[in-house]
Student: 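Before anything else, here's the structure in question.
Side chains are part of it too, since the values below use all heavy atoms of this structure and drop only hydrogens, waters and symmetry mates. Letters A, B, ... are given to chains in the order of the sequence lines, protein chains preceding strands, and every chain is numbered from 1.
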Amino acid sequence: MRTLYDFHGGIHPPENKLPSTTSPIATLPLAPLLHVSMAQHTGNPARPCVAPGDRVERGTLIGRPDGTLSAAVHAPASGTVVSVGPVVQAHPSGLCELTVTLETDGQDRRAAPTPLTDWASRSEDEVRAFLASMGVVGQGGGVFPSHLKLNARALETLVVNGAECEPYITCDDRLMRERAGRIVEGALIAGTLTGAREIVVGIEDNKPEALAAMQAAARGTRMEVVAIPTKYPSGGAKQLIRILTGKKIPHGVRSTAMGVQCFNVGTLYSLAQAVLEGEPVVSRIVTLTGSVARPLNADVPLGTPVDWLMQAVGRSADSDGVLMGGPMMGSRLPALEAGIVKATNCLIATSPALFPPPPLSMPCIRCGDCANACPAELQPMDLYWFARARQFDKARAWQLFDCIECGACNSVCPSAIPLVDYYRFAKSEIWAEEREKQAADRARARHEQRLARIEHEKALKAERLAQKSAAAKAVAEAVATSTTDPGKPPASVPVDSAKKAAIEAAMARAAARKAEAAQTQSGVSPEASANPLPPATPVTAMDPAKKAAIEAAMARAAARKAEAAQTQSGVSAEASANPAPPVTAMDPAKKAAIEAAMARAAARRAATEQKESR
Amino acid sequence: MPFVPHATRTVRVSRVMFKVLLALVPAFGVYCWLWGAGVLVQLLLAVFTALLAEAAMLRLRGRPLAPSLGDGSALLTAALLALAMPPLGVWWLIVLATLFAIVPGKQLYGGLGHNPFNPAMVGFAAMIVSFPSQMGQWGSPLSPLSTAEQIRWIFLRTPPAGSFDALSSATPLDALKTGLLGGGEVSRLVASPLYGHFGGAGSEWLGLAVLAGGLWLWRQRIISLRAPLGLLCGLLALALPLWLVMPERFASPGFHVLTGATLLGAFFIVTDPVTGPTTPRGQWLFGFLVGALTYLIRVFGGYPDGLAFAVLIFNIAVPLIDTLTRPPAFGQAKGARR
């Protein structure tokens, strides 16, 4: 028997899981239009490789991974590409992203599968590249590309996350009940790739059927299936690792540094499907529940519009919205025409009966219930106070960024304060501050370089003038000497200096031309903005004028790109184009826009709450 | 619409407050049995003053009345004051104490959740500093006075014939202190009818009633036992060695626990979440410091009881205590803080 560890805090919210677990995973009618987003994963959106009018089959590659931190996107059904362009996303910000819209033909033609059955004899790099090309990403909600999580070596424990602790969500439960074999195969592949000494599956003990199915499937393998006590948020990666291994992964430390990696059961299922069947990730299990006539789990092609799914399960007339994700960490979708993505594990139709409006917030009485519930072992009441007083440095010192936004504090607060909204607001304010600081630093560097260039040009000009006049004088002198003394050969030095001045002038002109050319060129090249700016100090041997010109061009390009992203997303000009602290290589402008939008929403909410509480 | 929707919450601020009020019922029962209906008169005076003061201040501050009046916090302050003030004190004494507690003690700081000092202790301390003689007239328990006589005494200060001691005798702590200063010995002093088995006559029963309410609150998970036990530890850490060394100069630890405001302070004052620390270690520390200082003021200071001053002094240290005792976050090494 495995020793289990407890984690601090946690809550026991009403589960509401039963309605959607009674029926097997269903297949719903195919939607006529699928909006397949290119940004279904952490990192750079995929680059679409189809054009309107192209015919595609299920599994046809429609988006290539853009860089390492990215994953491929495939057509979820056969049909015709209608458009490639920005479409509203299934995201709380309601922003648009590059999306391939398909018109399905209902014939369900399938592209030839490309399994990697001999994966065991391939190099790890090959297997990882294969997984990236099959679009395998974490399906627990983080949608982090799986191939990057698999580059760990000699792991002590591979933790498989079947906890599914959030209320309402049952997609992993049903998946484990019905497709346990594939999950086990996926776990064994991942275990081999990471050299894991042991593979442990943690499943909350409120899912006896899933536990039994997984135990049966794991019999005879080296995988261990463990029932863990039901407590939210045991399905948080850090919490589950703690429960199963006793290790606490601090904020900012990778779990692999402590010999652990964690994968969701859905991810391992799609990994096994990709490797063994050659099936790219084109669908996922989605829990459709809440205020609907037929709550169920369905295997849904990616890109299926949310309202189509809601219609299929009979969303009730009094429903006032749809949540994506669970009631604890999920968010309300502003646009229901958006297509589902690889992160969509659950859609809940809300109604005033199921989710009554929160009661009026009362002042914080520092009862400390939130600290008792916090699985990150923070002091939520202090963080709330700092966020509200905009003491962001203090909030940071009190480890605001350790907060996993699980919402446990919110749900125990006797004053009904929307604490997580305050934390999100504080986080985005801190990010915005950092971006502004970086922008200011860059502007200062640019300014200093400009001054240096002007100085340099002045010096050059003065030198040129001096040389020119010296040359003219020398020539005049030479002429004078030759006329006065024809026997004497012309002085070599003055002639030389004149020549040198001419050559130098020509070189300067060429340099200027070159700089100009570089300027116009880099002005249109989109890569320019993606490059990090060169160091500010003009110490290199490179012509400073040229360098300044290139830099200016790059800055312009970045600004243009940011502007484009902003107009696209309808965000005011305040967000800058500079990358946030380099967590991901995601387009910084876009990220800034999303963050700004989310921050505004959080701030709005906080402001109304504050007003009410006064 | 909130970002994070939620299942409905079951615990509300008002429920917490009313549970604490409920926990005070046994204490009021014993108090009434000991001192008569005068206690209820004091309670009514405090409640009316508290609600009126709270309403007036909310109006002045432009805040909605219903949520704040309904949260029960003003009622709780009033109830605590009614237990802390002399049961037969003159009517304006408790009215002034309550006014002081609610107006500067709570509302001027921004209302519930924003006051750094325990409001009831603010009111009590203001009175003991301003009106020491009125605050010292405690009366003796189980007195033969009728309800009518008590009410007349509270409002009009007309004493019934003969029984002046029953109205204005000092508290046991006060009497002991004076006696000791006069060169008396503890064993002879506590033989007077003012004293019972452990503390003041009957006060051990009041103490046990408070204890019962406090333990019920603990079972209800409204309070933790850290601060109460810390307070008792702090008190005993001084009382026990001194009593062991010089039993004739210092009263027994049992006397100190069961007399005065010790148990009320332990379970209902230092457990106030608003003005106490939130970290577990901080709660122990806060309780311990209050207990120790209470003893020091009682025994060596100028006042018969020191709980109110000890609480107020360490209330202001709470932010510091919280900062120094902040537990490490998930996975962080102990003591390692960025």
Side-chain angles (χ1 to χ4, degrees), chain A residues 7-8 13-14 16 92 167 238 242 247-251 253 321 323 327-332 350 355-360 362-369 371 374-379 381-382 396-399 402 405 407 410-416 418 420-421 424 598 601-602 605 614, chain B residues 1-17 19 58 61-64 66-68 70-73 110-116 221-224 226 271-280 282-283 318-319 322-323 325-333 336-338:
Chain A
F7 63 91
H8 179 267
N16 292 312
K238 289 184 180 194
R242 163 72 185 165
K247 293 175 185 171
K248 287 181 166 184
I249 315 289
H251 175 68
V253 174
L323 297 180
M328 300 299 295
M329 296 185 70
S331 43
R332 198 164 284 270
T350 61
F355 296 96
L360 192 69
M362 295 289 290
C364 170
I365 55 165
R366 293 168 35 93
C367 64
D369 285 356
C374 179
E377 298 174 38
L378 301 174
Q379 303 290 304
M381 59 276 165
D382 292 347
R396 219 174 185 175
W398 257 244
Q399 278 129 321
D402 285 31
E405 300 179 14
N410 265 33
S411 54
V412 300
C413 180
S415 290
V420 176
D421 287 346
R424 286 182 175 158
M598 283 176 68
R605 164 90 194 130
R614 284 235 163 109
Chain B
M1 262 307 156
F3 252 142
V4 186
H6 287 292
T8 45
R9 299 162 183 84
T10 48
V11 187
R12 305 277 301 137
V13 168
S14 53
R15 253 182 76 164
V16 174
M17 298 291 175
K19 274 193 172 173
L58 288 170
R61 291 175 57 218
R63 296 299 160 100
S68 295
D71 67 21
S73 60
L112 178 66
H114 297 87
N115 48 304
R221 294 167 180 270
I222 302 288
I223 62 168
S224 89
R226 289 183 281 261
T271 51
D272 172 26
V274 174
T275 57
T278 49
T279 65
Q283 289 170 350
V318 160
D322 267 343
T323 302
T325 57
R326 179 156 60 97
F330 183 88
Q332 298 278 309
R337 254 175 240 143
R338 281 160 300 160

Student: For A/Trp398 and B/Thr323, work out which heavy atoms get closest and say how close.
Tutor: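 Result for this residue pair: CH2-CG2, 3.7 Å.
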Student: Side chain to side chain donor-acceptor pair (under 3.5 Å) with B/Gln283: which residues, sequence neighbours excluded?
Tutor: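 Per chain and number, B/Gln283 pairs via side chain to side chain donor-acceptor pair (under 3.5 Å) with B/Ser224, B/Arg226.
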Student: Given heavy-atom pairs under 4.5 angstrom as the criterion, report whether the side chain, backbone, both or neither of A/Pro375 touches chain B.
Tutor: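 When you check distances to chain B, only backbone atoms of A/Pro375 fall under 4.5 Å.
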Student: Chain B heavy atoms under 4.5 Å from A/Leu378: which part of the residue, side chain, backbone, both or neither?
Tutor: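 A/Leu378 touches chain B through side-chain heavy atoms alone.
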Student: By a 4.5 Å heavy-atom criterion (distance strictly below it), what part of B/Asp322 contacts chain A: side chain, backbone, both, or neither?
Tutor: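 The side chain, not the backbone.
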Student: Answer with side chain, backbone, both or neither: which region of B/Pro280 has an atom nearer than 4.5 Å to a non-hydrogen atom of chain A?
Tutor: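 No part of it gets close to chain A.
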Student: Is there side-chain contact between A/Gln379 and B/Pro327, with at least one heavy-atom pair below 4.5 Å?
Tutor: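 Yes, their side chains come closer than 4.5 Å.
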Student: Any chance you could measure A/Asp369, atom CG, to B/Ile222, atom CD1, to the nearest 0.5 Å?
Tutor: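 It is 8.0 Å, given to the nearest 0.5 Å.
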